[in-house]
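Below is one structure, written out as structure tokens; the observations come after it.
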Amino acid sequence: MDTGSTGIVVSADKIPNIDRLQSLGPGRLTYSSSGRIMIGRWVMTPVTIMGRNGTSIAAAPIPVLAVDRVECMESARRCTPREDPRGISMLGIGFARRGDHQAQSGPAKNPFLHVATVNGAKAQRLRSGYLVTRSGVFVGLTAANTQGGFAYVKLASR
């Protein structure tokens, strides 16, 4: 899990039946901290995320970057360009990253903002949002998990 990027990035070979999925066209995501550039195509697919405690959330079908090539920024550290890479998997849950080499990323690609089910049951009355804490990640905002050191501010539209 990565709070510095947005979107799910997976080696194309790890996505079952990838050629049957709806393709949204070419895609790329650059990890500015490492200088790795993930290149492939965005495909629409349902996503299930399992928690350490056995809890599962399923997102409505969202775009996932199926990576078939890795390139490197000039300033990259420990990066080797590769064709048909294996072993790539990243769950990016950051926000406001479009200005940081992630022009194709945004809220539509964050699975924690598109939860359809929790433990197999329809996610009813789930307030969109999530908390990342030392003890875990909490998907869905509740009165209980937003007590304490939070301030609420009405956002102005642009």
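Throughout, numbering of the chain's residues begins at 1 and tracks the sequence.
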ask   = Out of curiosity, E83 CD to I39 CD1, how far, rounded to the nearest 0.5 Å?
value = 8.5 Å
request  = Locate the shortest heavy-atom distance separating S33 from R77; write the atom from each residue and the value.
outcome  = O-NH2, 2.8 Å
message = So does G94 get a backbone contact from the side chain of T6, meaning a donor-acceptor N/O pair under 3.5 Å?
response = yes
request  = Please examine the side chains of V137 and L131, heavy atoms only from C-beta on, and report whether any two atoms are closer than 4.5 Å.
outcome  = no
inquiry  = Test side chain to side chain contact (heavy atoms under 4.5 Å, CB included) on K109 and I8; report intermediate values, then the result.
reply    = CA-CA 7 Å; K109 293 180 178 152; I8 297 176; over 6 Å; no
task = Take Y31 and V9 through the test side chain to side chain contact (heavy atoms under 4.5 Å, CB included) and record every step on the way to the result.
result = CA-CA 11 Å; Y31 293 106; V9 177; 3.4 Å; yes
task = Measure the OG1-CD1 distance between T3 and I93 for me, rounded to the nearest 0.5 Å.
result = 6.5 Å
ask   = Under 4.5 Å between any side-chain heavy atoms of T48 and M50, yes or no?
value = yes
ask   = Between L91 and I49, does a side chain to side chain contact (heavy atoms under 4.5 Å, CB included) hold up when you go through it step by step?
value = CA-CA 9 Å; L91 170 63; I49 300 165; 4.0 Å; yes
note = Of all heavy-atom pairs linking A123 and V118, the shortest is CB-CG2, 4.2 Å
Can I get a per-line list of side-chain donor-acceptor pairs under 3.5 Å for residues 57-70, giving both atom names and the distance, sequence neighbours left out?
{"residue": "R69", "atom": "NE", "partner": "E71", "partner atom": "OE2", "Å": "3.1"}
{"residue": "R69", "atom": "NH2", "partner": "E71", "partner atom": "OE2", "Å": "2.9"}

request  = Provide the closest heavy-atom pair for C79 versus A76 in the form atom of the first, atom of the second, distance.
outcome  = CB-CB, 3.7 Å
request  = Quick one: pull up CG in L21 and CZ in R41 and give me the separation to the nearest 0.5 Å.
outcome  = 8.0 Å
message = Show, in sequence, the C-alpha distance, side-chain angles and deciding distance for R127 and T142, and conclude whether the side chain to side chain contact (heavy atoms under 4.5 Å, CB included) test is met.
response = CA-CA 7 Å; R127 295 199 70 178; T142 67; over 6 Å; no
query = Any side-chain donor paired with an acceptor under 3.5 Å for N110 and Y130?
reply = yes
query = Under the 3.5 angstrom rule, does the side chain of T133 hit a backbone N or O of S135 as a donor-acceptor pair?
reply = yes
message = On a heavy-atom basis, which atom in H114 and which in P107 lie closest, and how many Å separate them?
response = NE2-O, 2.9 Å
inquiry  = To the closest 0.5 Å, what do you measure between CG (L24) and CH2 (W42)?
reply    = 9.0 Å
Close side-chain approach of V10 and I88, heavy atoms under 4.5 Å = no
inquiry  = What I'd like to find out is whether the side chain of Q22 reaches to under 4.5 Å of the side chain of T45, using heavy atoms alone.
reply    = no
note = Minimal heavy-atom distance between G87 and S11, with the atoms involved, is N-OG, 3.2 Å
query = Quick one: CE on M90 to OG on S5, what's the gap to the nearest 0.5 Å?
reply = 6.0 Å
query = Between A12 and I18, which heavy-atom pair has the shortest distance, and what is it?
reply = O-CD1, 4.0 Å
ask   = Counting only N and O atoms by type, is there a donor-acceptor contact under 3.5 Å from the side chain of R36 to the main-chain atoms of M73?
value = no
